[in-house]
Amino acid sequence: MARQPRQIQIDVDEIPKRWYNILPDLPEPLPPPKDPEKGPSRVEQLPNLLIGECLKQEMSTERWIDIPEGIRDLFAQAGRPRPLFRALSLEKALGTPARLYYKAEFYSPTGSHKVNTALAQAYYAKAEGYERLTTETGAGQWGTALAYAASLVGLKCTVYWVRAVYNWKKDRLGFMKMLGADVHASPSPRTEFGKKLYGQDSNHPGSLGIAISEGLEDAGKDPKAVYTLGSVLNHVLMHQTIIGLESLKQFEKAGDYPDLVISCLGGGSNFGGFALPFVGEVLTKGKKTKFLAAQSEAAPNLQGEYRYDHADHAEITPLLKMYTLGHTTKMEPIKGDGLRYHGCSPILSLLRHLGYIDTVAYPKDEKHVFKHALTFMRTEGFLPAPESAYSICCAIDEALKCKETGEKKVIAFNISGHGFMDIEGYREVLGFDAPGADKHRSDFGLGF
Ligand SMILES: Cc1ncc(COP(=O)(O)O)c(C=O)c1O
């Protein structure tokens, strides 16, 4: 019998040359951004807020958008293409008849998929003559990715980092600073909006919605700076389709095809990047693949309301039609804090509304999620980011369902990042350093 390949790879010259824009293939037109009833027009402000090329891509109805040679070169520099793995050891440990495949975005130089759009946005910003990028970050992965991209193309970078995470990820803060970024805990006293919240509580835990407002305000006051967003918007998801497009080629090489595609979802960039090329095949080629988004009960935005809402706390952005929990809603910090965002990208929200995407939200204590992450780590050998642990948890839960039913489902999941800088979070939730914990090693994994 032929040996099952563990790793399925394509060559550097097979890195896709075009991104996939799903807009023309959506079953219904995507509801456009709009203005609130009161106040100045936010829609008219968009050209002042976003990189010109990105705004063009945001509205484009071209199905395929060329990836400039310079960005493809940056992708190669960042180690693309990334392998697709068959999780043979995990399958065996679970005793599941399902075939499990995972995409290895954790091989990114900064630790996550976020470099894919960071490189594209930094490249375009440089070409348009900007000198500085501003942004928000939750997990810190997007901030590090942007700091890295800014440094490669020769731009300055200012990051507003949700304080609840800034306080515990000391090494990631060091990483961003080593890359040359200027990093501030958010809400910060540096912006008018941040000052209001910081003045009430200098330990305010912050949120992505607040940090986005600070990044926007900062760039808005400096003509040489431009704001960049790490998720949610159409062009960000499109840049990330490099993940799913590579995976499609790799599945073709493997002679297999997913029945179920899974990823964790905060604002939707890695879920969209991985899943949209497969969704495109459902919409245009009659494939029957299902899609499942893994979330936290701390921010189950796909279980919120489908309506127009702001993408940021201070209401600087236009209203986007999306599943939302409300842009000022308080959400409890978690260790997978990159998933704690009030809204889901408009494209994925429409697909959810039309029944193409299902969702599951895991308990806020994260014990179930992190135990499954350990099972993955002890069998496949990779340490996932806390956010990516949600993808893994969901894939394992689904594989265990197949064990019950005997179904030989093909399950594909994206591991959006590594957790080398997140061990403190795992330690706190799993308590593996607690007195006597060694005696109970089996509690921390392989517990199915
Ligand atoms: C490793 C990782 N995965 C996933 C996410 C969630 O964001 P998105 O839904 O945009 O992929 C984040 C956000 O910070 C992250 O750092």
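Since this is a predicted model, take the numbers as computed values, not measurements. Each ligand, and each atom within it, is numbered from 1 in the order the structure gives.
- In this structure, the protein non-hydrogen atom closest to atom 6 (C) of ligand 1 is Gly338 O, 3.5 Å.
- The pair Asp422-Lys169 counts as a salt bridge, with a side-chain nitrogen and a carboxylate oxygen less than 4.0 angstrom apart.
- A heavy-atom separation below 4.0 Å is not found between Gly138 and ligand 1.
- Within the listing of ligand 1, atoms 8 (P), 10 (O) sit less than 4.0 angstrom from a heavy atom of Ser231.
- The existence of a salt bridge linking Glu53 and Lys56 is confirmed by a sub-4.0 Å separation between a basic side-chain nitrogen and an acidic carboxylate oxygen.
- Residues Phe193 and His313 bring their aromatic ring centres within 6.0 Å.
- Side-chain polar atoms of Tyr257 and Glu281 form a donor-acceptor pair below 3.5 angstrom.
- Side chains of Tyr306 and Arg352: no donor on one and acceptor on the other come within 3.5 Å.
- For the ligand labelled ligand 1, residue Lys114 lies inside the 4.0 Å heavy-atom shell.
- The distance from ligand 1 to the heavy atoms of Ser416 drops below 4.0 Å at these ligand atoms: 1 (C), 2 (C), 3 (N), 4 (C).
- Inclusion of Gly268 in the set of residues having an N or O under 3.5 Å from an N or O of ligand 1 is warranted.
- Taking a cut-off of under 4.0 Å to the non-hydrogen atoms of Gln141, the atoms of ligand 1 that pass are 16 (O).
- Contact annotation for Ala385 and ligand 1: only side-chain heavy atoms (C-beta onward) come within less than 4.0 Å of the ligand.
- Annotation: side-chain hydrogen bond (donor to acceptor under 3.5 Å, both in side chains) contacts of Asn48 (sequence neighbours excluded): Gln45.
- In summary, the atoms of ligand 1 found under 4.0 Å from a heavy atom of Ala139, numbered by their order in the structure, are 14 (O), 16 (O).
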Under 3.5 Å, sequence neighbours excluded: what are the donor-acceptor pairs made by side chains of residues 410-419?
from   : atom 1 : to     : atom 2 : distance (Å)
Asn414 : ND2    : Asn270 : OD1    : 3.2
Ser416 : OG     : Ser388 : OG     : 2.8
His418 : ND1    : Phe420 : N      : 3.1

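- Taking distance alone, with nitrogen or oxygen atoms compared against 3.5 Å, Gly266 approaches ligand 1 more closely than that limit.
- Close approach of ligand 1 to Cys264 is summarised as follows: ligand atoms under 4.0 Å from at least one heavy atom of the residue are 4 (C).
- What sits closest to atom 15 (C) of ligand 1 on the protein, heavy atoms only, is Glu387 CG, 3.9 Å.
- Taking the side chain as every heavy atom from C-beta outward, Ile392 and Glu380 never approach each other to under 4.5 Å.
- Taking a 4.0 Å cut-off on heavy atoms, His113 registers as neighbouring ligand 1.
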